[in-house]
Amino acid sequence: MGTLQTVQADEPKADKVQLIAGPQKRLVVYGVGDLVRRLNPARENGDKPNSGPNAVEEFVPLMNFIQTKIAPESWESLGGDGTMAPYLRNRSIVIDQTREVHDQIMLELGNLRKAYRVLDEFEQLSVSPADPAP
């Protein structure tokens with residue numbers, strides 16, 4: 001059996017990654033609640049996040065992004081042995097993949113968060129006028 005260690009991910013501060021060491025692959029839990037909310041901005045039916053019949057579907061865009069952008073051939077859906085599943089209770093994704101793929105996943109999740117920060121800054125600039133009217 002492997003050892004358990006906690007590694008701090010790039011963003012946000014509450015995003016902790018749990019690694020369970022194994023011979024080839026590692027099981028990692030990624031806190032992605034912030035990204036899931038960004039990819040599903042308005043819930044028409046008013047359900048709380050994590051609830052209702054569509055809760056798992058909220059994770060699909062992010063999971064598809066990861067599987068198509070990062071080592072697509074390594075995922076189970078394309079004949080590889082890497083797996084991914086949402087964990088609704090704490091708004092995370094559990095991924096069983098190689099260390100190299102996990103390194104790429106952490107990098108891309110960090111890049112995605114940075115891109116959202118830039119979009120937030122742009123929205124703030126476009127909403128608040130730089131020069132007040134005379």
Side-chain angles (χ1 to χ4, degrees):
M1 191 80 187
T3 59
L4 177 67
Q5 62 184 152
T6 300
V7 178
Q8 185 69 35
D10 184 25
E11 291 285 333
K13 291 181 182 178
D15 187 10
K16 294 221 176 179
V17 178
Q18 302 258 336
L19 299 177
I20 301 173
Q24 293 290 333
K25 294 191 317 175
R26 293 171 182 232
L27 185 66
V28 179
V29 179
Y30 294 92
V32 294
D34 60 320
L35 296 174
V36 169
R37 278 189 301 276
R38 289 301 303 243
L39 293 168
N40 300 282
R43 295 182 54 104
E44 292 178 26
N45 60 5
D47 285 346
K48 296 178 189 174
N50 305 356
S51 68
N54 299 325
V56 171
E57 291 176 16
E58 291 183 330
F59 287 83
V60 171
L62 181 60
M63 292 170 62
N64 285 341
F65 170 79
I66 292 169
Q67 288 182 342
T68 57
K69 177 120 174 121
I70 303 164
E73 71 289 345
S74 71
W75 298 99
E76 192 175 58
S77 59
L78 291 176
D81 61 354
T83 60
M84 179 182 329
Y87 184 62
L88 300 179
R89 178 175 283 166
N90 67 356
R91 312 276 295 161
S92 60
I93 295 177
V94 180
I95 299 177
D96 190 20
Q97 261 294 1
T98 64
R99 180 183 193 110
E100 293 78 22
V101 172
H102 282 298
D103 289 345
Q104 292 175 38
I105 291 169
M106 289 200 317
L107 178 67
E108 287 302 325
L109 292 178
N111 288 340
L112 194 54
R113 287 183 172 106
K114 288 175 189 172
Y116 281 131
R117 280 196 302 267
V118 168
L119 287 173
D120 288 341
E121 290 173 15
F122 180 76
E123 279 182 10
Q124 289 175 358
L125 289 174
S126 65
V127 171
S128 59
D131 297 319

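Positions are given from 1, in the same order as the sequence printed here.
Distance alone, capped at 3.5 Å, places no donor-acceptor pair between the Trp75 side chain and the Gln97 backbone. Checking side-chain atoms of Lys69 against main-chain N and O of Asn64 turns up no donor-acceptor pair under 3.5 Å.
Between Leu62 and Leu109, the closest side-chain pair of non-hydrogen atoms falls below 4.5 Å. For the pair Val94 and Tyr30, the minimum side-chain heavy-atom distance is 4.5 Å or more. Between Val60 and Met63, every side-chain heavy-atom pair lies at or beyond the 4.5 Å cut-off. A 4.5 Å side-chain heavy-atom check between Val29 and Ile93 finds every atom pair outside the cut-off. For the pair Tyr116/Leu35, a side-chain contact is recorded, criterion being any heavy-atom separation below 4.5 Å from C-beta on.
Between Lys25 and Asp81, the closest heavy-atom pair is NZ-O, 2.6 Å. Of all heavy-atom pairs between Pro86 and Val56, the closest is CG-CG1, 3.9 Å. Taking all atoms of both residues into account, the shortest heavy-atom contact from Phe59 to Tyr87 is CZ-O, 4.4 Å.
Taking Leu78 as the reference, Pro72 meet the side-chain contact (heavy atoms from CB on, under 4.5 Å) condition, with sequence neighbours excluded. Residues forming a side-chain contact (heavy atoms from CB on, under 4.5 Å) with Thr83 (at least two apart in sequence, or on another chain): Glu76, Asp96. Evaluation of the side chain to side chain donor-acceptor pair (under 3.5 Å) rule for Asp103 yields no partner, not counting sequence neighbours.
Within the model, atoms CD1 of Ile66 and CD of Glu108 stand 9.5 Å from one another, a figure rounded to the nearest 0.5 Å. Between Ile70 atom CD1 and Ile95 atom CD1 the span is 7.5 Å, to the nearest 0.5 Å. Annotation: the span from Met106 atom CE to Asn111 atom CG amounts to 12.0 Å, rounded to 0.5 Å.
By the criterion of side-chain heavy atoms lying less than 4.5 angstrom apart, applied directly or through intervening Ile, Leu, Val, Met, Phe, Trp or Tyr residues, Val36 is grouped together with Leu88 in one hydrophobic cluster.
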